[in-house]
Amino acid sequence: MFNLFKKDKTDPADAPAAITSQETSSPSWTERLKRSLSKTRNQLGNQLAGLFGGGKIDEDVYEELETILLTSDVGVNATQTLLEDIRGRVKRQSLNDTTQLKQALKEAMLDLLQPLQQPLSTSTHQPFIIMLVGVNGAGKTTTIGKLANLFQAEGKSVLIAAGDTFRAAAREQLQAWGERNRVHVVSNQSGDAAAVIFDAVNSARAKNIDIVLADTAGRLPTQLNLMEEIAKVKRVIGKAMPEAPHEILLVLDANTGQNAVMQVMAFDDALKVSGLVLTKLDGTAKGGVIAAIAQARPIPIRYIGLGESIDDLRTFDAAEFVEALLS
Amino acid sequence: MFENLSGRLQGVIKNLRGQARLTEQNIADAMREVRMALLEADVALPVVKDFIARVKQRAEGQEVLQSLTPGQAVIKVVHDELTELMGARGEVLDLAAVPPVIILMAGLQGSGKTTTSAKLARLLKAQKKKVLLASADVYRPAAIQQLKTLAQSLEVECFDSNAGQQPADIASATLDFAKRHFYDVVIFDTAGRLGIDEAMMNEIRALHALLKPTETLFVVDAMQGQDAVNTARAFGEALPLTGVVLTKLDGDARGGAALSVRHITGKPIKFIGVSEKVDGLEPFHPERMASRVLGMGDVLSLIEQAQKTVDIDEAKKLADKVKSGKSFDLDDFKMQMQQMRNMGGIGALMDKLPGQMAGMAGKISGDAGDKAIRRIEGIINSMTPLERRKPEVIKATRKRRIADGAGVHVQEVNRMLKQFEEAQKMMKMFSKGGASKLMRAMQGRFPGLR
């Protein structure tokens, strides 16, 4: 039970069995989210517990709250907005005790994050083409493995395109994920990501596949040539199938600080990102940066990654996220 | 990199510089600004608090108050403390042990351990060391394959491990292999792990005990946020770290993690990763970095980079040509552009220039400049050799042909020719009046800047 994150790491052959056993016995996802965020909560929660322990709401309390939000990667701007929001609530509802402040914080946070809760619907097109982008090491390839598993569990057929033609052994990594999921991985020896994905889309149309997951190489938004290249990859996919890609997922590492906001803006400007995936939330990172993102560029958060095992990807639920974070 | 942090700090400095007298009030104001700037740059809060306290204490002390230019004195204090925070001096790898010298790599998932291992191998190979790479990442699919592929491209030996083995077994086998084959250095890559993952932290502790590495490097993503403190603490407590490698500094990360990690672990930053290519690893110079953060520029690194990348022979040929009074033609112009690009483009250059100078060069983004350079190259490539040598023959018909060839409008060909003429004028001045005149003429006449 407590070994959730370690399962099926070493032996790919065991993976399907592990998944089914987990499906039945796994605790509710809220609980897992809570457990994953427990470190976050411990720190944030302890600080908050001290703060919400009762007493008058004065400037010191606000300053303390500001510090807590800043250390959760919420960022200076979003912190100011949240604080103003909370001050407004305190005034309107004439709250005077810090115990009531917690509810106000929850509500303010929820108001900010609620609009981001828009689950991905893949039934609008067939095949539904999903392109994954992000900086190096954000967890794109791992997320593809998890997404493939998720969609298969919904009874959909999946095809993976190994579009990371730059990093050494990225293709092999995807192939290993493909074997675990029993999913076909389209790859070729050439260095052209667009060509690989183009082939995959055509192959998916011919074979009547439901979903294509297209991997791309990690890139930093400052690498202008690589940003141009990925815009080209998108255009080429559109040539294989009009209106495709139907979803462009930007994968963000929850450990990232305010740079995540830059990443969202840069990738959105280049590609029009339609959804976000927040990975590695099982660490001590707080993921508070999504509050900053919600303010700067409100793009729906489709999934969050809670661990390394294959079924650790969940749809984003704002209420549960806030609850888990602040409870 | 560090753009936002240095932007805000420069604002603070500007304000301070104007103050004839420093009062407690304006120091406090400045410090609040510095605090926000650091927080926004993802520097961890405990580190910020500590930093502010130290600067404040010194700023209110004698050395500043007795100074004739108190504003300047405060800047010096901030600079000193920033350097101190990043590590007082640059430190290098300790390779003075009985070979094989073991370097153990540790860090979070996706921080860049495998890529850094390969970069390090390349660096040490260039120092004529016999290097062995080894990977004990049996968890991430194809991680070992990744290192093997990288090793192959570097022509460095990679120990043949596989995902079915236990990390400890790989470690002892690697050690054995390295001893028997007389390797100088072994770079031992490990799986990414979370600081709170007890089992995995125990594993790397065991690996450390087995390998007895001379260097234990903690690899950190420069984009990491406030949590860098917790991660650094967890790794620092589990392992006797000897140094830190900061990766992905070529992004627009504000680099706060650099300050936090150094402060929490107390270990020096030894290398920084500045590109995803295998040659993108540089030694870390705390003082230069502090200057860069404060917008004082990093001219030293710029010069080193120029020495490394600019083709000296080509440059000399051009200088001779200009001096001998021969005309500066479009081929020379193109070569200049290429050299600028070899140095990492305008963006990279501006990054290292002092604040005022970068401001003088205009408010354009480095990217726009790089794009303009590429376009200029494209236009020149569409010209015949005669046109390049004698640009004056280019009239309307030729212009149209060139524009079609380069896929641009005729106006852009005109603009490019105009820029060339200006460069030519500058070159003439250079051959006559020397560098000082040139510098004056250069203001606002960078190619691509309008």
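Lettering of chains follows the sequences in order, A, B, ..., and the numbering in each one begins at 1. Just so you know, these numbers come straight off a predicted model, no measurement behind them.
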*In terms of heavy-atom pairs under 4.5 Å with chain A, which of B:Pro46, B:Pro141, B:Ala118 leads?*
B:Pro141
*For A:Gln175, is it the side chain, the backbone, both, or neither that has a heavy atom closer than 4.5 Å to a heavy atom of chain B?*
neither
*Non-hydrogen atoms of chain A under 4.5 Å away: do they reach the side chain of B:Arg35, the backbone, both or neither?*
side chain
*Flag the pair B:Lys113 and B:Asp137 as a salt bridge only when some basic side-chain nitrogen lies within less than 4.0 angstrom of an acidic carboxylate oxygen.*
no
*Let me know which of B:Leu108, B:Asn230, B:Thr231 forms a side chain to side chain contact (heavy atoms under 4.5 Å, CB included) with B:Leu194.*
B:Leu108
_Is A:Arg167 in contact with chain B via its backbone, its side chain, both, or neither, using a 4.5 Å heavy-atom distance?_
side chain
*Electrostatic pair A:Arg297:A:Asp268 at N-O distance under 4.0 angstrom*: yes
_Structural part of A:Val135 lying under 4.5 Å from a heavy atom of chain B_ = side chain
_Between B:Glu282 and B:Lys119 (salt bridge meaning N to carboxylate O under 4.0 Å), is one present in this structure?_
no
*asked:* Does A:Glu63 have more than 12 heavy atoms from other residues, nucleotides or ligands lying within 6.0 Å of its CD?
replied: no
